[in-house]
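We're numbering straight along the sequence, starting at 1.
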Amino acid sequence: MQRRQLLTAATLLATPGLARAQAGWRPDRPIRVVVPFAPGGTTDVVARIMAEPVSQIIGQPLVVENRPGGAAGLVGTDFVAKSTPDGHTIIVHSNGHAIAPALVARMPFDPVADFAGVSMCGRVPQVLCVNPRLPAQNLAELLALIRANPGRYHFASAGIGTAVHLGGEMFRAVNRLDIAPVHYRGGGPAMQGVITGEALFTVDPIASALGHIRGGNVRALVVAGAERAPTLPDVPSASELGMPEFAVDAWIIAMAPARTPAPVVAALNAAFAQAQRQAAQRLAEQAVMPMPDLNTPEQIMGFVRSDMARYAAVMRGAGIRPE
C-alpha cells in the first residue's frame, strides 16, 4: 500500500497538469469568454451578468469578447471550436447555435461533437416590439397595417439564424405576411433599427428588450408564447390573442471546445452552477428563466442536438434552405 501511494505521488509530481486535475482544476490566467454577437443583445447581457460571479468563484477574471459575424454567429463560434481546449477560452452562445445547421450547408464545425457543454444559463421569452410612434397600438392593428401594405415593410433580425431572426420568421409564417427581414449585426443594432424606424418590428428576447420597453423607446405588443412574462405583466401572450403557434424563446448556453479535459469542464460547470444561484435575482430581472433539468455536460449537448432537429423543421416550414 505504501509503495502504491509513493508511486501515485511521484506520477502527480511528474505531471503537474494531472496533479491540478486531481486536486480540482483552477485557471492560471484570465478566461476569454467569446460572445459571437455584437454588444447589447441578450447573449451579451447574460454573459456579462454571469462573468462577475464566475470570476469570483474560479479565481480569475472572465473577459467578455464580442466576435460578431457569419450566420448565427459562425465567426466567433468557429474561433472557439478551434481554440486550445484548456478551459481558458469558452463561448456564451444563443440558440442560434442549434439553428445554424439549418442555414449553412457546409458548417465549419460540428455544433455538438466540437463542443463540451459547460452550462445552460437559462431561457428568455421573446417579445414583439414596435416603434412607439407607429400608428398600430396593438397586435391586430399591426397585422392590418402589414396586410394593407404587402412587401413594403421589414422586420429587424439580429443576423441570419439568430433567435431574433427565428422569432420574426415564425411571426411572418404564422400570419402569412408579405414582409422580409433586414439583418443587423446583433440584437442591439436590430433594436436600434426599430427605434429609428428603419424596421417595423423585432421579436427580441425580453432580457435585452426590457430596458427599451421601460424607457419608452419601443412598445411591446405581444409575448411569443403561452404565458405572460413576469417582467411584462401588462403585455398579452400570443396564446391569449389566439395565436398559440407563435411561441419562441431564446436559450443561452456556455460551452468549451471539445477535448477540453473532463476535470476542467467539471470545474467550469460547477462554477457556472454556483454563479447562477448567486445571480438569480439579476437574471430574473432580465426575464432569464432557469432550466433546472439540464445540469450535466451530456444533458446540455443532448438538448442542443434535439433542438437542432426542431429548428430545422421550423426553418424548412419558413422556406429557408441551407446555403
Side-chain angles (χ1 to χ4, degrees), residues 34-37 41-43 46-47 67-83 90-126 157-174 181 183 187 203 205 224-225 245-260 265 269 289 291-323:
V34 172
V35 174
F37 307 113
T42 301
T43 309
V46 173
R67 283 181 171 252
L74 283 186
V75 172
T77 313
D78 189 46
F79 172 81
V80 174
K82 294 175 172 59
S83 295
I90 62 175
I91 188 168
V92 173
H93 207 333
S94 71
N95 48 341
H97 185 68
I99 298 169
L103 300 168
V104 180
R106 302 185 66 174
M107 291 283 289
F109 54 81
D110 186 304
V112 175
D114 288 340
F115 293 91
V118 167
S119 174
M120 187 58 75
C121 301
R123 67 179 185 87
V124 187
Q126 292 186 223
S157 157
I160 297 173
T162 60
V164 178
H165 178 210
L166 182 67
E169 289 289 358
M170 289 186 69
F171 183 75
R172 180 196 62 76
V174 166
H183 298 294
V203 185
E245 302 90 349
F246 182 43
V248 60
D249 55 23
W251 43 259
I252 311 297
I253 187 173
M255 299 178 293
R259 299 174 300 281
T260 300
V265 175
N269 176 266
M289 303 171 67
M291 301 176 74
D293 294 335
L294 301 174
N295 299 311
T296 68
E298 294 76 20
Q299 290 172 333
I300 292 167
M301 298 316 294
F303 176 82
V304 171
R305 185 182 293 105
S306 65
D307 250 24
M308 283 171 57
R310 184 169 73 93
Y311 288 133
V314 170
M315 299 305 264
R316 283 195 303 271
I320 298 172
R321 298 290 184 269
E323 296 180 357

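The side chain to side chain donor-acceptor pair (under 3.5 Å) analysis of residues 103-112, with sequence neighbours excluded, yields no pairs.
The shortest heavy-atom contact between P125 and M289 is CG-SD, 3.9 Å. For the pair P101 and M308, the tightest heavy-atom approach, listed with the atom from each and the gap, is CG-CE, 3.7 Å. The nearest pair of heavy atoms linking V80 to I90 is CG2-O, 4.0 Å. Of all the heavy atoms in P108 and L74, the pair that sits closest is CD-CD1, 4.4 Å. Closest approach of P297 to V265, counting heavy atoms only: CG-CG1, 3.7 Å. Summarising the geometry of I99 relative to A163, their closest heavy-atom pair is CD1-N, 4.4 Å, with the distance given to 0.1 Å.
Not counting sequence neighbours, the partners of P36 by the side chain to side chain contact (heavy atoms under 4.5 Å, CB included) test are T77, I91, H93. For R310, the salt bridge (Lys or Arg N to Asp or Glu O under 4.0 Å) criterion is met by D307, not counting sequence neighbours. Taking the side chain to side chain donor-acceptor pair (under 3.5 Å) definition, one finds that S94 meets it with nothing, sequence neighbours left out. A102 is linked by a side chain to side chain contact (heavy atoms under 4.5 Å, CB included) to A312, M315, counting only residues two or more places apart in sequence or in another chain. In this view, F109 and F115 satisfy the ring pair (Phe, Tyr, Trp, His ring centres under 6.0 Å) rule, not counting sequence neighbours. Listed by chain and number, the residues in a side chain to side chain contact (heavy atoms under 4.5 Å, CB included) with P181 are F155, S157, H165, E169, H183 (sequence neighbours excluded). Among residues two or more places apart in sequence or in another chain, the side chain to side chain donor-acceptor pair (under 3.5 Å) test is passed with D78 by K82. With sequence neighbours left out, D249 forms a salt bridge (Lys or Arg N to Asp or Glu O under 4.0 Å) with R123. Every residue meeting the side chain to side chain contact (heavy atoms under 4.5 Å, CB included) condition with N295, not counting sequence neighbours, appears here in chain and number order: Q299.
For the pair V92 and F37, the minimum side-chain heavy-atom distance is 4.5 Å or more. Residues D293 and M120 form no side-chain contact, since every pair of their non-hydrogen atoms from C-beta on lies 4.5 Å or further apart.
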Can W251 and V304 be said to form a side chain to side chain contact (heavy atoms under 4.5 Å, CB included), step by step?
CA-CA 10 Å; W251 43 259; V304 171; 4.1 Å; yes
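Between the side chain of Q126 and the main chain of V203, a donor-acceptor pair closer than 3.5 Å is present. Between the side chain of R321 and the backbone N or O of R316, at least one donor-acceptor pair lies under 3.5 Å.
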